[in-house]
Number of protein chains: 2
Amino acid sequence: MRAEVLQVRAFSRAVTRRFGALDEQYLGRRRPLAEARLLFEVGMHATAVRNLRARLGLDSGFLSRLLRSLERQGLLVTESARDDGRIRVARLTRAGRRELHHLNALSDALARSVLAPLSPEQARRLVAAMAEVERLLCASSITITPAQPGDQDAADCRRQYFQELGSRFPEGFRPTAAHALTLRRLEPRAGRVFVARLAGDAVGFGAVRRIAPGMGEIKHMWIAPRVRGLGVGRRLLAELERAARRMRVRVLRLDTHASLTEALGLYRSAGYRKIPRYNDNPYAQHWFEKVLVASARPGRG
Amino acid sequence: MRAEVLQVRAFSRAVTRRFGALDEQYLGRRRPLAEARLLFEVGMHATAVRNLRARLGLDSGFLSRLLRSLERQGLLVTESARDDGRIRVARLTRAGRRELHHLNALSDALARSVLAPLSPEQARRLVAAMAEVERLLCASSITITPAQPGDQDAADCRRQYFQELGSRFPEGFRPTAAHALTLRRLEPRAGRVFVARLAGDAVGFGAVRRIAPGMGEIKHMWIAPRVRGLGVGRRLLAELERAARRMRVRVLRLDTHASLTEALGLYRSAGYRKIPRYNDNPYAQHWFEKVLVASARPGRG
DNA sequence: ATGCTTCCCTGACTATAGTCAGAGAATGCG
DNA sequence: CGCATTCTCTGACTATAGTCAGGGAAGCAT
């Protein structure tokens, strides 16, 4: 563990030194780095100010000022969103798009300057290792937190979840009454909802509810396609189990559709055993159960 | 190439976002980041102000101010160097060392917070990939540039080179008259010296000189042990060959000692062929020659 | 001794990156 | 409708990170 920590530190130093310096040198020459980053983040299509704030992690006042500055430079315009007048949407002008292209070119040059001194074989290996680091850092920065009641992100996930069920079930999918009794009605007495987030975006969610004294049920486990394979499902499930324990649940059940093969694999490897049908969910073909024991390692999936 | 460039960019974004944010959050909480970095750089032993300036790349006035601030906080003291009254040396006080330990602990916590959400297998793979990226970024940031006449770094390298020869040759080593006619007397008419540098430190050097019309000789190739295996030797050799071509050299020769196995391998794989003894160097057992042709890919080793 | 250079320092100034409180418009909720 | 909340914006302020010119002390070359 000690060696791993030291390697992470050495890595951080090496990378921030190299890329931090280059970033300023390449991208910050023409304008403040914050403005350049904002241009990148707005990108080619209109983006809500609130999303920009979440992704860049900026203070509302500061971001507003940056927007005004870019607006004065004629690089972007802001306008109110159609469906919600409070939300403002930023969009690059033609000049802004040109500037973004320029920044992209600089950024490419920066990347090439890193690869150029290396042999083809070294460059290949560096790129492969970078892909691996990026993937795992992404996994590592995904947080799993309890949803606030009425959480918009959780509702978004639920919509996407249902949509995916519809496209994956051969027979199609329409939410039943049982599916409707969710989220809002779960919390806070009868259940808990957790949301996985990556840089401000919701990328997964899941719920646990009590269905009888000492017995709970996992519902609505869903992970966004772009973060599948990063172990988020496993972490989310562990989080739900911890929440279940805190709700004095000793036995957890769940049902699932035969076509959801990743889910089936996850449940099996997480210690869930097949049991006979315990409910009348018309979309379920498999039922599982797990007896919870005190966890030796809280905080780990 | 395009895909590689995009991967490098994605990596840079991901890493600076993650570590940049954490750096500030962990290390910058108690004091300005620049002060924290300076404490790290001074470290446990006395360090000359000029070296701090070089390593951190700071303006002289700004660094001076940072030093005064840390001095006021009782974390370090500065004093004149014994042998050169102009040079000031910074040294942590007892309180400063305590603070450094604290920063180290925070930095460790930061590293652990990256590893914590991952499964043991993921953490293992992340650390391995980070080590690879760090190694190759290090290789990529090594620059190879012509030495200025009387370059102190080149002289340093030469000293270390002779020292290493002494420890590696079974028969020991004392520079002969032929070895003495170097560096200063090479440049700029009869030869060229190149120095490899990593973040301000010289980590290798090599020379080429003309020994007859159209014929040149590689001398004094040396790479610091800590950067061996990164392809620096190959790049340096390619640089020397380019310089030779510019000097209208068509045939390059070199000699080497049988115990320098890495060098032998490098010369062979770079296209040098064994030839009979062409000089009276008492420390040489192998002689090589290469006919230079116009290079198809300048800039690559 | 004299002049040149190196090294570090101070004073004065600027740019960048925020933080915080509060106001005003739009929306959601009962 | 009335009230609370959300979202964005502005004004006022602070902290951080520099840049630049110039000066004094020490060393170096002759």
Side-chain angles (χ1 to χ4, degrees), chain A residues 16 20-21 23-25 27-38 41-42 46-73 76-91 148-153 155 184 200, chain B residues 16 20-21 23-25 27-39 41-42 46-73 76-91 150 152:
Chain A
T16 54
D23 260 13
E24 279 165 35
Q25 188 183 331
L27 305 180
R29 210 196 285 279
R30 298 162 57 98
R31 67 183 72 259
L33 211 49
E35 285 187 15
R37 277 199 267 262
L38 179 52
E41 205 59 54
V42 174
T47 313
V49 169
R50 66 190 310 279
N51 294 347
L52 294 174
R53 204 164 47 233
R55 280 191 234 143
L56 293 167
L58 295 177
D59 171 83
S60 151
F62 183 43
L63 176 57
S64 197
R65 227 174 296 281
L66 286 174
L67 286 170
R68 289 303 82 72
S69 162
L70 291 176
E71 219 164 20
R72 267 198 311 280
Q73 294 169 58
L76 60 74
V77 291
T78 58
E79 53 208 9
S80 292
R82 295 231 180 100
D83 52 338
D84 187 338
R86 292 168 302 182
I87 293 177
R88 305 225 86 203
V89 170
R91 190 166 46 74
Q148 302 305 314
D151 188 314
Q152 197 54 44
D153 288 338
R184 199 174 296 264
Chain B
T16 53
D23 260 13
E24 281 166 32
Q25 188 182 333
L27 305 181
R29 209 197 286 279
R30 300 163 55 100
R31 70 182 72 258
L33 210 49
E35 284 186 17
R37 278 199 269 260
L38 179 51
L39 281 175
E41 206 58 56
V42 173
T47 313
V49 169
R50 65 193 311 278
N51 293 346
L52 294 173
R53 206 164 46 232
R55 279 190 235 144
L56 293 166
L58 294 177
D59 171 84
S60 152
F62 183 42
L63 176 58
S64 196
R65 228 175 295 281
L66 286 174
L67 287 170
R68 289 302 84 70
S69 162
L70 291 176
E71 219 165 19
R72 267 198 310 279
Q73 294 170 57
L76 61 73
V77 290
T78 58
E79 54 207 11
S80 292
R82 295 231 181 101
D83 52 338
D84 185 338
R86 292 168 303 180
I87 294 178
R88 304 226 86 202
V89 169
R91 190 165 46 74
Q152 198 53 46

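Residue numbers begin at 1 in each chain, while the letters A, B, ... track the order of the sequences. What you are looking at is a predicted structure, and each value in this text was computed from that prediction instead of being measured.
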Identify each donor-acceptor pair in which a side-chain atom of residues 59-66 of chain A lies under 3.5 Å from a protein atom, sequence neighbours left out, and give them as a table.
from	atom 1	to	atom 2	distance (Å)
A:Asp59	OD2	A:Gly61	N	2.7
A:Asp59	OD2	A:Phe62	N	3.0
A:Ser64	OG	A:Arg68	NH1	3.4

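Distance A:Arg82 CZ to C:dT27 P: 14 Å, rounded to the nearest Å. For B:Asp83 and D:dA26, the CG to C1' distance is 12 Å, given to the nearest whole Å. As a whole-Å value, the separation of B:Arg72 CZ from C:dT10 C1' is 13 Å. If you measure from atom CG of B:Leu56 to atom P of D:dT16, you get 18 Å, rounded to the nearest angstrom. Spacing between atom CG of B:Leu58 and atom P of C:dC8 amounts to 13 Å, rounded to whole angstrom units. One atom, CD of B:Glu79, and another, P of C:dC9, lie 12 Å apart when rounded to the nearest Å.
With rounding to the nearest 0.5 Å, the separation of CG in B:Leu38 from CG in B:Leu52 is 6.0 Å. One finds the CZ atom of A:Arg37 at 12.0 Å from the CD atom of A:Glu35 (value rounded to the nearest 0.5 Å). Between the CZ atom of B:Arg53 and the CG atom of B:Leu58 there is a distance of 9.5 Å, given to the nearest 0.5 Å.
Taking B:Thr47 as the reference, nothing meets the side-chain hydrogen bond (donor to acceptor under 3.5 Å, both in side chains) condition, with sequence neighbours excluded. Applying the side-chain hydrogen bond (donor to acceptor under 3.5 Å, both in side chains) test to B:Arg88 and every residue at least two apart in sequence or in another chain returns B:Thr78. Partners of B:Ala54 under the side-chain contact (heavy atoms from CB on, under 4.5 Å) rule, at least two apart in sequence or in another chain, do not exist in this structure.
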Between protein and nucleotides 2-15 of chain D, map the contacts as a letter string: B base, S sugar-phosphate only, - none, heavy atoms under 4.0 Å, written 5' to 3'. ----BSBBBBB---

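Comparing the axis of the opening five pairs of the helix from C:dA1-D:dT30 to C:dG30-D:dC1 with that of the closing five pairs yields an angle of 30°, rounded to 10°.
Shown here for A:Gly85 and A:Ser80, the closest heavy-atom pair between the two residues is O-OG, 3.7 Å.
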